[in-house]
Amino acid sequence: MKQDGFKSFSLNDGILRALEQLKYDRPTEVQEKVIPIVLTKKDVVVKSKTGSGKTAAFGIPLCQLCEWDENRPQALVLTPTRELAVQVKEDILNIGRFKRMKAIAIFGKQSFERQKIELKQKNHIVVGTPGRILDHIQKGTLVFDKIKYLVIDEADDMLNMGFIDQVEAIINELPRERVTMLFSATLPEDIEKLSKKYMSNHEAIEIQTSKTTVGKIEHVLLEVNEANKFNLLLDVTIVENPDSCIIFCGTQEEVDNLYRKLKKANYPCEKIHGGMKQEDRFSVMNDFRKGQFRYLIATNVAARGIDIADISHVINYDFPYEKESYVHRTGRTGRAGKNGKAITFLTPSDEKYLKETEQLLGYTIPRGTPPPHDEVIRAKDAFEKKRIKRPPLKNDKKDQVNEGIMKLYFNGGKKKKLRAVDFVGTLSKLPGVTADDIGIITIQENSTFVDILNGKGIHVLEKMKTTTIKGKQLKVYQAKE
Ligand code: AMP
């Protein structure tokens, strides 16, 4: 490990400052290997477990390499799910906050028109799911001639989910002169083929474990008959009494069923699956991220790449039929150096899938025994106490980096012929304010949002109530987000 952490990569001061606020004290193993290679603009194929710090491994060099002055997107990041697209965008915004990097998430089931308008604005980095990105490229609403960096995140999932044709179609539209980065938790043959076809001279990086962010996960298999699963789940949750737990089911119907049953048993739970409205999916994930309820019942939509702090338990209520899913699902716990427990129910008909999964894992998952009745009885009191107690809210890393930042809303934008320089010019002339105190500026048709950094938001807000921009007195408020 390098002595001076991220400083040895000669990163922009703003990026270093953001990493400090995010409490990324030193690079994880994957970051240490990947960042210097990408900074020299070489292609990489990275095999690294989820939770190893992959997002920042590409997020940091992207924020470093993208030029602020360029208005058209310079980097494209493809992710398999909408939730992951939003999370990656947030991570990139957090890393690039003080360099004023702009990132946007583009995915299906959201208004195409709204995305079209957002894509017209200055964006350095576009993150999205393949279908919608391709749609925008084909309709000419995503200008890609300046794309110099392509990241394919969770590439193995992308292939599993049948995205390969869309991914290839996107790659074929992008400028040939570019850096391509492929990240995958596993490297099946198809990924190797993809990398040979579209990358020349890439560096292959394989990270076995990551000491910094991956904690220890205790794995255990519990044999059970289909009919007894629900009772076993009740017993296991009573004895384990998790702080925060994801229960994975195989299908949307199973999720709905189990959710109904657990709600009836008064569990503080919510559910997520692909059949739900996108707004509901986001709002459930947000509440779970903040720790507002303890049990999330989910299909594999929540298995891929989603980074939520302090999930103490993952329960595979239904055995994961795609063998890679086991790695993804259980990777939701034991993150950021914390320990976790992964409990998998195994019915007689699941045995055939177990073999394949263990082959992929390279080890045998230890078999445990269901909790004995007297242990369940003993644990009940503590379980009941926790069940009725409101869970403590989790720390959101976004809050750390956002400390001292206030977003201001101005009631004027493009229609009034206002540009970013007009805002920077006026605001940086206010007493006690410099250009370094001004963060991301988003100019829309009739409004503008400006991040004010370093705790100077209130001061700027007060001053701007009586200061004109380009001769115009605009209304100014603190934005609601
Ligand atoms: P990822 O593999 O990208 O999902 O990241 C796993 C977790 O590690 C996330 O919560 C990151 O915020 C966190 N993380 C990434 N890089 C570092 C670092 N250098 N130091 C501490 N935490 C990190």
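These numbers come from the heavy atoms of this one structure, side chains and all, not from hydrogens, waters or symmetry mates. Along the sequence shown, the residues carry numbers beginning at 1. Each ligand, and each atom within it, is numbered from 1 in the order the structure gives.
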Do ligand 1 and [X] have nitrogen or oxygen atoms that lie under 3.5 Å from each other?
X     : answer
Gln87 : no
Ser52 : yes
Arg26 : yes

Original post:
So Phe112 and His136, would you call those rings parallel, tilted or perpendicular, with 30° and 60° as cut-offs?
Top reply: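 Plane angle under 30°, so parallel.
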Original post:
Out of Lys54, Glu32, Gln31, who gets a non-hydrogen atom closest to atom 16 (N) of ligand 1?
Top reply: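 Closest candidate by heavy-atom distance is Gln31.
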Between [X] and [Y], does any side-chain N to carboxylate O distance fall below 4.0 Å?
X      : Y      : result
Arg100 : Asp451 : no
Arg178 : Asp43  : no
Glu168 : Lys197 : yes

**OP:** Any atoms of ligand 1 less than 4.0 Å from a non-hydrogen atom of Gly53? List them with their elements.
**Re:**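 This gives 1 (P), 2 (O), 3 (O), 5 (O), 6 (C), 15 (C) as the contact atoms.
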Original post:
Heavy-atom contacts under 4.0 Å between Phe6 and ligand 1: side chain, backbone, both, or neither?
Top reply: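 Side chain only.
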Original post:
Applying the salt bridge (Lys or Arg N to Asp or Glu O under 4.0 Å) test to Glu118, which of Lys120, Lys122, Arg114 qualifies?
Top reply: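 Among Lys120, Lys122, Arg114, the one that satisfies the salt bridge (Lys or Arg N to Asp or Glu O under 4.0 Å) with Glu118 is Arg114.
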